[in-house]
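A quick write-up on the structure given underneath.
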Amino acid sequence: MSLVCPVILGSVRSDRQGLRAARFLVGALEARGHEAPLVDPAALKLPLLDRMYTEYPRGEAPEALETLAALYGRADAFVVVSAEYNHSIPPALSNTLDHFLEEYFWRPSAICCYSAGQYGGVRAAMQLRAMMAELGAPSIPSLLPIPRIGKALSEGGEPTEDWLPKATNRFLDELTWYAEALRAQRRTGTPY
Ligand SMILES: Cc1cc2nc3c(=O)[nH]c(=O)nc-3n(C[C@H](O)[C@H](O)[C@H](O)COP(=O)(O)O)c2cc1C
């Protein structure tokens, strides 16, 4: 069954490597027949948080927030692509996520973390896991850590190492299972 699964990228640096992972995951999801729009805070020129989306009168939020709210309303799951800055979540990612709350509820998330070095950003991912739970989109058990991202993926998001497509398949199988289960349950109603 086809899913709507935004891929949220959390880096806005001009030399960012995260776009490689985001492009790779958009491609992997689309190859499975899912709709996987890239949420790129740099392209959207997402402002630093002033008012959350919900604090604007209906239809009067900045265009980027209206676009994301409409997308998130249709979403079945979220893939979050996170670097690790100082063992923590990149500020651009928390800013991107913080604009919304209820829009994430009752959907699973999946965390892809990466780094230039060998640890693959897992320390940031542990913090992101707690944040995603608080946002109402708890993360699936598996992570997809990508160490040495500049070597593992081309600029266009093509994997150069065999382990990555295999690990991604398993990661997306797991996300699909949770997304389908929660979608079926959402259709019967939500507690609030
Ligand atoms: C401010 C900053 C802090 C960083 N801190 C870490 C870190 O704690 N652990 C790590 O493995 N890499 C760290 N790095 C290196 C990143 O893994 C690497 O630059 C990666 O490409 C960042 O993602 P981005 O290019 O998408 O912004 C840091 C990079 C920056 C810019």
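Whatever order the structure lists ligands and atoms in, that order sets their numbers, starting from 1. Just so you know, these numbers use all the heavy atoms, side chains as well, and skip hydrogens, waters and symmetry mates.
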Tell me whether [Y] is reachable from [X] by hopping between hydrophobic residues (I, L, V, M, F, W, Y) whose side-chain heavy atoms are closer than 4.5 Å.
{"X": "Y104", "Y": "V79", "answer": "no"}
{"X": "W106", "Y": "M132", "answer": "yes"}
{"X": "L144", "Y": "L9", "answer": "yes"}

Are [X] and [Y] close enough that a side-chain donor and a side-chain acceptor fall under 3.5 Å?
{"X": "E66", "Y": "Y53", "answer": "yes"}
{"X": "N169", "Y": "R32", "answer": "yes"}
{"X": "S115", "Y": "E84", "answer": "no"}

What atoms of ligand 1 come closer than 4.0 angstrom to any heavy atom of [X]?
{"X": "A83", "answer": "22 (C), 23 (O)"}
{"X": "G18", "answer": "26 (O)"}
{"X": "S11", "answer": "24 (P), 26 (O), 27 (O)"}
{"X": "H87", "answer": "7 (C), 8 (O)"}

Between Q17 and ligand 1, which part of the residue brings a heavy atom under 4.0 Å of the ligand: side chain, backbone, both or neither?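 Both of them.
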
Does only the side chain of Y119 get under 4.0 Å from ligand 1, or the backbone, or both, or neither? Count heavy atoms.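 No part of Y119 is near ligand 1 at this cut-off.
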
Checking a contact table here: which protein heavy atom is nearest [atom], and how many Å away?
{"atom": "atom 26 (O) of ligand 1", "value": "Y114 OH, 2.5 Å"}
{"atom": "atom 19 (O) of ligand 1", "value": "R13 NH2, 3.9 Å"}
{"atom": "atom 5 (N) of ligand 1", "value": "N86 N, 2.8 Å"}
{"atom": "atom 28 (C) of ligand 1", "value": "E84 O, 3.6 Å"}
{"atom": "atom 1 (C) of ligand 1", "value": "Y85 CG, 4.0 Å"}
{"atom": "atom 11 (O) of ligand 1", "value": "S115 CB, 3.5 Å"}
{"atom": "atom 18 (C) of ligand 1", "value": "A116 CB, 3.8 Å"}

Just wondering, more than 12 heavy atoms not from [X] lying within 6.0 Å of its [atom1]?
{"X": "E161", "atom1": "CD", "result": "yes"}
{"X": "Q185", "atom1": "CD", "result": "no"}
{"X": "R170", "atom1": "CZ", "result": "no"}

